[in-house]
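Some notes on the structure that comes next.
Chain letters run A, B, ... following the sequence lines, proteins first and then strands; every chain starts at 1.
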Protein chains: 2
Amino acid sequence: MLNQSAEYALRAVVHLATLPADQQASAGDISDRTKVPIPYLQKVLRTLTRRGVLHAKRGMGGGFCLAKSSGEITVLEILNAFDSSPQRIETCPLGIKGHTHLCPLHTLIDEQVANAQRVFATTTIHDILGSDSEIRPLCDGLARVSLGLPKDNR
Amino acid sequence: MLNQSAEYALRAVVHLATLPADQQASAGDISDRTKVPIPYLQKVLRTLTRRGVLHAKRGMGGGFCLAKSSGEITVLEILNAFDSSPQRIETCPLGIKGHTHLCPLHTLIDEQVANAQRVFATTTIHDILGSDSEIRPLCDGLARVSLGLPKDNR
DNA sequence: GGATAAATGGATAGTCAAATCCACTAACGG
DNA sequence: CCGTTAGTGGATTTGACTATCCATTTATCC
């Protein structure tokens with residue numbers, strides 16, 4: 001569903017969001033915590049910085065921190081930075097003109113995309129952390145928060 | 001959301017489902033109707049045949065037809081034939097052991113996958129065609145059927 | 001100011017899906 | 001039986017994404 005870059009970026013941002021405000025974390029620190037290969041993570045972090053999601057500080061004691069509060073960063077925003085986030089089907093994929101509606105097949109698929117995208121657009125990093133400070137992200141605990149959608153147990 | 005092979009396969013199967021039962025359609029015929037490049041479509045059709053979704057007939061007047069009724073073919077079945085269908089997140093992607101639950105981040109993502117997969121598993125090709133015979137698939141009409149989920153108009 | 005720490009930018013391999021091509025086999029028609 | 005039609009199987013090319021490496025710039029500490 002997500003590409004690797006987006007998965008890595010989400011891990012990094014979620015991790016940074018758990019740190020005290022404005023505390024710097026170097027690429028190496030984040031790599032240890034998120035289990036992402038350092039060279040690739042550096043590239044991902046650079047992209048997030050250019051996008052205005054992170055703030056970078058060079059030199060000794062430098063590193064990365066969130067450029068805004070976790071409640072202002074949506075999951076979709078991060079996915080878009082890496083061309084992840086499944087694309088809506090706007091027009092007939094067969095290239096047939098004059099159709100104002102999608103056919104049933106592509107409508108079905110687009111509905112699934114729309115559902116996922118709506119959730120990603122309205123979920124912030126803050127939401128993922130949860131209001132309860134006991135909950136720890138990145139698989140570092142047993143906590144499981146409900147995010148409004150029922151978990152399908154198949 | 002879907003890879004090209006799965007998209008092409010769905011188009012082909014939906015098209016075949018609109019034909020009179022057991023009528024053969026050659027790869028060329030299907031290619032014309034679904035706007036899929038012939039060589040690639042041939043490969044897709046071969047896969048569907050091996051999977052038991054289609055029946056192939058060689059020689060003059062030959063071609064492909066559904067191997068079972070459209071109500072017995074699910075969308076998920078076709079996606080699985082091409083490793084499309086977004087994968088559920090079963091275990092912690094960070095490789096941390098001893099965790100019986102996903103963290104909030106991966107839970108959120110997995111919920112979206114689960115929702116889509118549930119719909120694909122319960123929707124058959126027959127459902128896509130719609131009970132109303134007026135409705136034409138593959139963007140060949142203006143019809144739009146509701147498939148149980150609200151359309152998101154953004 | 002020199003040494004060290006750390007982000008930046010660009011260039012470079014590896015991998016996999018998308019797409020194409022060609023030689024081969026099977027079925028039907030005259 | 002011979003030719004045409006059409007599916008089968010394998011080899012190949014292309015491009016995007018994953019991943020890595022190195023030289024450069026910036027900032028801090030002594």
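- Within 4.0 Å of B:Tyr8, counting heavy atoms only, lie sugar-phosphate atoms of the nucleic acid but no base atom.
- Comparing C:dA19, D:dT18, C:dT8 by their nearest atom to the side chain of A:Gln42 picks out C:dT8.
- Mapping B:Lys43 and B:Arg58 onto DNA chain C by nearest heavy atom places B:Lys43 closer to the 5' end of the strand.
- Under the 3.5 Å distance criterion, the side-chain polar atoms of B:Thr107 are matched with a main-chain donor or acceptor of B:Leu102.
- Residue A:Ala56 has its side chain nearest to C:dA7 when only D:dC29, D:dG10, C:dA7 are considered.
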Original post:
Hey, mind stepping through A:Glu7 and B:His106 against side-chain contact (heavy atoms from CB on, under 4.5 Å) and telling me if it holds?
Top reply: CA-CA 9 Å; A:Glu7 161 73 28; B:His106 293 114; 2.7 Å; yes
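- Remark: A:Arg50 is not in phosphate contact with C:dT8, judged by side-chain N or O atoms under 4.0 Å from OP1 or OP2.
- Checking C:dA7, D:dG7, D:dG9 against every side-chain atom of B:Ala27, the shortest atom distance belongs to D:dG7.
- Counting non-hydrogen atoms under 4.0 angstrom, B:Gly63 reaches the backbone sugars and phosphates but no base.
- Residue order along DNA chain D, read from the 5' end via each residue's closest nucleotide, puts A:Asn3 first among A:Gly61 and A:Asn3.
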Subject >> Residues B:Val113, B:Ile89; criterion side-chain contact (heavy atoms from CB on, under 4.5 Å); working and verdict >> reply: CA-CA 8 Å; B:Val113 173; B:Ile89 302 175; 5.6 Å; no
**OP:** Begin with the C-alpha distance, continue with both residues' side-chain angles, and end with the deciding distance and a verdict on side-chain contact (heavy atoms from CB on, under 4.5 Å) for A:Leu48 and A:Phe82.
**Re:** CA-CA 9 Å; A:Leu48 289 173; A:Phe82 300 94; 3.8 Å; yes
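- A straight line from OH of B:Tyr40 to C1' of D:dT12 spans 15 Å, rounded to a whole angstrom.
- Of the candidate nucleotides C:dA5, D:dT20, D:dG9, D:dT20 has the atom nearest to the side chain of A:Pro39.
- Here the nucleotide nearest the side chain of A:Met60, chosen from D:dT18, C:dA19, D:dT28, is D:dT28.
- Heavy atoms of B:Asp83 sit nowhere under 4.0 angstrom from any nucleic acid atom.
- One atom, CG of B:Leu45, and another, C1' of D:dG9, lie 15 Å apart when rounded to the nearest Å.
- B:Asp29 places its CG atom 12 Å from the C1' atom of D:dT5, with the value rounded to the nearest Å.
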Original post:
What's the verdict on side-chain contact (heavy atoms from CB on, under 4.5 Å) for A:Ile125 and A:Ile78, showing C-alpha distance, side-chain angles and the deciding distance?
Top reply: CA-CA 10 Å; A:Ile125 302 302; A:Ile78 297 176; 3.9 Å; yes
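- Side-chain atoms of A:Phe64 lie closest to C:dA7 of the nucleotides D:dG9, D:dA6, C:dA7.
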